[in-house]
Structures are given as structure tokens and as C-alpha cells.
Number of protein chains: 2
Amino acid sequence: MKSTSAQHDVGRIRAFNRTVTRRLGVLNEKYLGRDRPYVESRLLFEIGAHGATARELRQRLGMDSGFLSRLLRALETRDLATTQPSAEDARVKAVRLTRSGLAELRKIDALSDKLAQSMLDSLDETQTQRLVAAMSEVERLLRASSVEMTPDDPAGADARYCLERYFAELDARFPGGFDRSRGHSSDLPDYTAPRGCLLVARLFGEPIGCGALRTLAPGVGEIKRMWVSPDARGLGLGRRLLSELEQAARKRRMHTLRLDSNGSLAEALQLYRSAGYREIERFNDNPYAQHWFEKALR
Amino acid sequence: MKSTSAQHDVGRIRAFNRTVTRRLGVLNEKYLGRDRPYVESRLLFEIGAHGATARELRQRLGMDSGFLSRLLRALETRDLATTQPSAEDARVKAVRLTRSGLAELRKIDALSDKLAQSMLDSLDETQTQRLVAAMSEVERLLRASSVEMTPDDPAGADARYCLERYFAELDARFPGGFDRSRGHSSDLPDYTAPRGCLLVARLFGEPIGCGALRTLAPGVGEIKRMWVSPDARGLGLGRRLLSELEQAARKRRMHTLRLDSNGSLAEALQLYRSAGYREIERFNDNPYAQHWFEKALR
DNA sequence: ACATTTACCTGACTAAAGTCAGATAAATGA
DNA sequence: TCATTTATCTGACTTTAGTCAGGTAAATGT
């Protein structure tokens, strides 16, 4: 039974894929490539109004560095962009659009708008609203399904970025603010194998969430540093992080997981309760903790 | 107000576009191009298990004939396909996949399935169902919005195909069948300018519906041959055809439109009524007509 | 029967997109 | 300080994806 309906779902997705790529293929290739090679338009678009470094562009577009270098040179000779060594690191090139580069970007943008609009032109009001609503839903869920969670070095750039934002959020949400020096010494070593781990959630390569596991006592783990970026909330990522951390705990033969939280983090409390954590007595001296939870794994 | 909400819709569509092309781009290019140029996989896929003629392939893929010829030769030398002059017309080449070509096709198919499945893997049951439902909705409405309606030569291949299917459907749905020779002589000349016109609706180039307008008397037109392919119904195409024909009638300075229909065509009757046509007395001697309608244009 | 059209093929060419092996200079780690 | 790493550049290639101008043979219109 299950496999039949799964097969049906796959068929629906492939039908969606066919129709959508046909329609959007026209949108992207035909209208963005206005007398200029497609990758060049794409690059112009990716540099954007705020500029970017060559390094970022190379990563985002998955481009060979030689190829990118030449493309940037082409944009320069056509007076669409300028590059100069970045202030912090003279190796990296900061790329900005020139005045005429910005004008081109605006043209591309206007064409994209027009094309998007053309998808609505022949639909009536009801159909338009249904299409827009369904597209938003697909986009939301596709973002959710594109998120990848991988164990990561807590000292790496992405992990540090997530932890930084995690602390900043605590500071913003706790009534009296949050002072990182109180309560927590640097516990990064706790989050590395074999004592624990840190998961980083990424959407199209960008870090958007994290969660950590450490060992409290033999067989007993603690969940810490659960954070999901505000613009990725409502996708069920907290639950996924939690369940992957539980999986990691099981692999380490832990039988019990504990965690603490603050009363101002309502969604978190809600998540822990619905994931089977039950409230217990204070088990640590974290001055910011107001609730303590435990769950037996199996 | 209107422009604000339209701007919002466009933004939603462009967000959808970005997310979806990122996700599906991987699906198509990375997984279909398995050690083989992308167009070649695409061609293999398009030939399909049942084979195709070079003419069809050229049309469907919008390919230069020289380019296609070379690609087919490449598939032949790698023993993935065979070509032979078609039986009916020795000019056209019939292309079929060989045993190993079919095996490759199955591999491509399996990879596509796997990729589609991967979009569901990290979602829970509720999210999966919502995603599949929203994708179906987007696909349906995107198909609707991709349909183009153009005035066409009634003697052309697409128009004749539509009329053929129209008559076949009447024959299937009328209780006593439908005999084309009764009631209608060849009225094709009626559907050409300046006396009338024939609209053909196409989805990605394929004819999927038609509708005709002819002159009954000065200032009075008649709608005829309204047909929408069964697999394109429920997209509001009947209504769009009708309204475009009314537009054409207005251009010809017609003030009144008439049409007739048979009681077994319930959706059609429903459409005419909701589009402002009111039932009138018999105005012709069409033996298959049971209802007659009229609408005043302005 | 004969001009025209249609379907395909061939050769010659081009642009786009990318790959790869070094080279160079700035930053970083030990 | 010095070896290593990182970010970018350059030159020399290749592959992919075409385009275009004829040419041939079969089918079709008159």
C-alpha cells in the first residue's frame, strides 16, 4: 500500500518537474540571456546591487576559478563591473557593479518581473490567487526538503556563525539579556567526537541552523545550542535537528537525553514536549535555565 | 491597491522560480547527464520506449535538423538507437531504441524517480502530502497559463486534428452517434477571414482545443466547433476560448452571437449560461441541436 | 510529367562553457 | 622565519551546443 502511494507521489513530482522546467526554462534562458551569454547575465545577477567577492561568486555558482576570472575580466572591459582587492584580505577580490552594470541588472530584473507576470496574464482572479498560494507552499516545502544536516567542526566558520547568532538571539529574547561568560565556559571541545557532535543545517550551502550533543555522564547526553534561523522557521527543522541528534545519541549508546531551556523560548518548550521530553527537576546550575527535560531513548 | 498586490504576486512567483530551479536544476542536469552530453540524454528520453520519428523529435525539441541528424548518428554508433526510413513515407526516419538504448532509458528513469523521491525523504507524512498536493495545483495552473490561443488556418494540420477529435467526441457522446454528413456540409471556408475565424489552443506546441466563429448575418455571428481535449479540461480553457471568440466578434463589429448545443454536453451548456448566453428559440435546422443561445455583445 | 515542397544529410564554421596545469602574491600556522 | 594554504590569474586546451548553406531523395500539387 505504502509503496503504491509513494509511486504515485513520485509520478506527481515528475509531472510537476516537466511542466515547471518547460515554463521556467523559457523564463530564465530566453529572457535573461539578452544578447549576452547566459552565464554572464547570471553573474551580473549574482553580484547584485551590493556587490560580492569573487570567492562568494565562485562558491555560489560552483564555478572554476579560471573561468570566473575571465568572466569578471569580460565584465570589466565592458564597463559593467569593477574589481579591487578587498580591504581585510588582499587576496580576495571585491566585485561591484558600475553604474551601467547596475542599469543592466535593473533591466534583467524588470524582464524577470515581466516574465513572472506573464504567468498570470491568462489566468482569472481566482486562478491567480490559487497559483500564487500553491507556489508559496511548494517553495516553502521545497526549501524544507532541501535542507541538509551534517556533523560539522564546531570551530569551523559556519558553526561559529550559527553559534554567534544563537547567542545573539538569546541576548535579544531573554528579559535581562544573555551574558555568554556566565554559565558557559567554552564548551566547544564537548561537541566533537567521541564525546559529542555538532550538527549544522544548510540550505543551498548557507548555514541556517544548528544543534549540539554532548556527554553528561556515561549513557547520558545533553542537547544544547538548538537554533534555527528566523527566515527558516516553520519548516519543521527544529524537530528534524532534534531527531537527528537523538539518532546520534543512540549511535553513541546513550540511553537518556537531557536538556534545559528558558521560559521565553516558547516554541522550543513546545517542541521538546511534543517530541516526548518530560519536565524534570533542575539537573544543572545554568543560571538562565528555567525548565529541565529528560527523555529515555530506545 | 491592485498594483501592490500584483507586485506581491510577482515577488512570490520569482521566489518560487529561484527555489525550484535550484532544486530541479540539480535533478535534471546532474542526474540526467550521466557521463553523456545533456542533449543526448534528453534525446534518448524523448525517443522513449515506443520510438519516434526524427520529424517529431525535431519539433518537440526545437532542434536544427542538421544537429539532430548528427546526434542520431552518435546514438547509432554507440548502439543506443537505430533509424530506418518509415514505411508510410520513406523521407521520414523512424527512430527506435536498441536493447541497450532501452536499458539506458530505464536507468535515466530510475534516477529521475530517485531524485523525485529525494525531495520527499526529509519531509514527514503531512508535509509530503501538502507538497504533492501543492505541486499538482501549480502544475495544473501552470499548464493553464501556458496555453496559447491563435487564429489558425482551418485547413492546417493542427486545426484538422482538433476538428477530427471534436467530431469523434460528438459521435461518442450523442446518444445516437453523430454523422458528420448530416447537417454540416464542409463549412471550413466560413471560418476564414473576413467572414470568421478558427482559434486553435496549444499547450507547448501541441493542439489541445479549438473554437470557431462565423458570420450568420450582418452583425450576427455564430460560435461553433468548441472543443477542449479531455486531458486539458478543468483549466478554464473553454471559457477562455469563448471570450477570445467574442473578442474576435467585436472586432468584426458583430453585435449579437448565437450558438447551439446538444443536451448531452452538460459542461458546455453550463459554460454558455454562466458566460451570459440566454436560451432562445430554434434559429437553425441543425438536427443535433436541442438548445439555442444568444448573447448581445458590447 | 514536372515543379515544388518536405525530410533529412553533410561539411564547414562558431560561440559558449568549461577544464587543467602551472604561476603569483597574500595570509596563516608552526 | 619559513613552509603551507588560499585566492586569483594566465595560457592552452576540450567539449558541448549549436548555426548555416547547400545537396539529395521521396512525396505532393498541378
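Reminder, nothing fancy here: chain letters follow the sequence lines and each chain counts from 1.
Residues satisfying the salt bridge (Lys or Arg N to Asp or Glu O under 4.0 Å) criterion with R18(A), sequence neighbours excluded, are absent altogether. The salt bridge (Lys or Arg N to Asp or Glu O under 4.0 Å) check on R23(B) picks up nothing, with sequence neighbours excluded.
Side-chain atoms of S69(A) do not come within 3.5 Å of backbone N or O of S65(A) as any donor-acceptor pair. In this structure, R252(B) contributes its side chain and R195(B) its backbone to no donor-acceptor pair below 3.5 Å.
Under a 4.0 Å N-O distance rule, the pair E148(B)/R202(B) does not qualify as a salt bridge. Between R165(A) and E169(A) there is no salt bridge, since no side-chain N of the basic residue sits under 4.0 Å from a carboxylate O of the acidic one.
Only at 4.0 angstrom or more do the heavy atoms of residues 74-82 of chain B sit from any atom of DNA chain D, so none qualifies.
Taking the ring axis of F204(B) as reference, the NZ or CZ atom of R22(A) stays within 45° of it and closer than 6.0 Å to the ring centre.
For residues 64-87 of chain A, the pairs satisfying salt bridge (Lys or Arg N to Asp or Glu O under 4.0 Å) are E40(A)-R78(A), R73(A)-E76(A), with sequence neighbours left out.
Remark on the helix from dA1(C)-dT30(D) to dA30(C)-dT1(D): inter-end axis angle 30°, axes from five-pair C1' superpositions, rounded to 10°.
Side chains of R14(A) and D109(B) form a contact here, defined as non-hydrogen atoms less than 4.5 Å apart.
For the pair E88(A) CD and dA27(C) P, the interatomic distance rounds to 11 Å; values are reported in whole Å. One can place CG of L57(B) at 13 Å from C1' of dA7(C), the figure rounded to the nearest angstrom. In this entry the distance linking CD of Q84(B) with C1' of dA26(D) reads 16 Å, nearest Å.
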Could you write nucleotides 8-20 of chain D as a row of B, S and -, 5' to 3', where a protein heavy atom under 4.0 Å of any base atom gives B, of only sugar-phosphate atoms gives S, and otherwise -?
-> BBBBB---SSBBB
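Shortest non-hydrogen contact noted between S41(A) and R36(A) is OG-CD, 3.6 Å.
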